[in-house]
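All ligand and atom numbering here is 1-based and tracks the order in the structure.
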Amino acid sequence: MICPNSHIAAMAPYALADLEPPQGKRLISLAQNESAISPSPLAIKAGEQALAGAQLYPDPEWCELRASIAQVHNISAQNILCGAGSMEIIASLVQCYASPDTHVLSSQYGYAFFCSASLVVGAPYDQAPEDDMTVSVDALLGTVHSSTSVVFIANPGNPTGTRINRADIVRLREELDDQILLVVDEAYGEFAEAPNEPIFDLVERGNVVVLRTFSKAYGLAGARVGWGLFPPGIAREVRKVLNPNNISCASQAMAVAAMMDQAHMHHICAETTSRRNQFTADLRQFGLTIPESHTNFVLIRFEDAVTAQRADHALRAEGVFMRGMAGYGLPQCLRATIGEEKDMNFTRDVLKKWFNVENSK
Ligand SMILES: *Cc1c(COP(=O)(O)O)cnc(C)c1O
């Protein structure tokens, strides 16, 4: 018998979305926080053109991509690393800075991949309580201990959609021990740009990493491109762990063109935000609770776990797949990505009908 390492054998498989619609129903997937809007047409064209050079390995230094990111964000290209999605960067950071003897800390509803990446290296994963489904700096500071080596926060958060201010992040950094690495995952940062003050300058402190992705606001989840701004010493270590040829030539070309088409990204964010606000207002009218979201999804809270499960069944019967949240300790919640406008209206109508039947029992 071939035996895996015991800490891998002990892990559950990563919980992927279940997306099998009933026979005869069209799938409406609201389960994976993908953009309902296609990537920039310029990105599609650039990707097609890059395919002709696919006999060569892609640029291992992501030169054009880093230059385009640096230009748009007014940061130094030198300190940017790119990953096959920000997930690759998260995993590499954990490989470099956590171990069975050093703990990773995040918050109660922290992004599930922070935990899986920690378990892969056998690092204990601690969680600080949240306050009203929002990251609590005080709780993080109260949970950190002498073995904590990395703190991860997603801001805005997934699956909550809530966010904390720059001032809160600065306070977290200042009150944490200087030897602890703080990673701020801004996968949804572009959706929160209006209230969000940039935090890239915090990286200069030498112990902060800021992560972004092309998967959400740029509509490029299938291209697998993420990036981060790093202190030079940390970039050097993480680079050793990343796959040296991690992002395909087509994906790099798509990401460059997408970054240079900021108007399209703003269009995706504005359109998604407007649909989200309408969907939220509609659902709140039925008495459902939804925390204020700064992302491309909403977290819908039902009365209890059984009610959420009944709603989920009613939705699935019509082909609408949201994401169950039992894995996050939120069995009374479903997370719904903001999709096409007609699909959101359909989803609202399915829920409304279900609600009327539910309340007439
Ligand atoms: C979607 C998401 C990511 C992005 O992962 P990619 O690998 O870049 O697709 C990272 N962090 C959070 C919190 C997310 O929700």
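Between Arg163 and Glu292 there is no salt bridge, since no side-chain nitrogen of the basic residue lies less than 4.0 Å from a carboxylate oxygen of the acidic one. Between Glu174 and Arg205 there is a salt bridge, since a side-chain N of the basic residue sits under 4.0 Å from a carboxylate O of the acidic one. Between Glu318 and Lys25, at least one side-chain N (NZ, or NE/NH1/NH2) sits under 4.0 Å from a carboxylate O, which counts as a salt bridge.
Between Phe200 and His73, the ring centre distance stays below 6.0 Å. Centroid-to-centroid, the aromatic rings of Tyr111 and Phe152 stay 6.0 Å apart or farther. Ring pair Tyr328/Tyr109: centre-to-centre distance not below 6.0 Å.
For ligand 1, the protein residues placed under 4.0 Å by at least one non-hydrogen atom are Gly85, Ser86, Met87, Tyr111, Ala154, Asn158, Asp185, Ala187, Tyr188, Thr213, Ser215, Lys216, Arg224.
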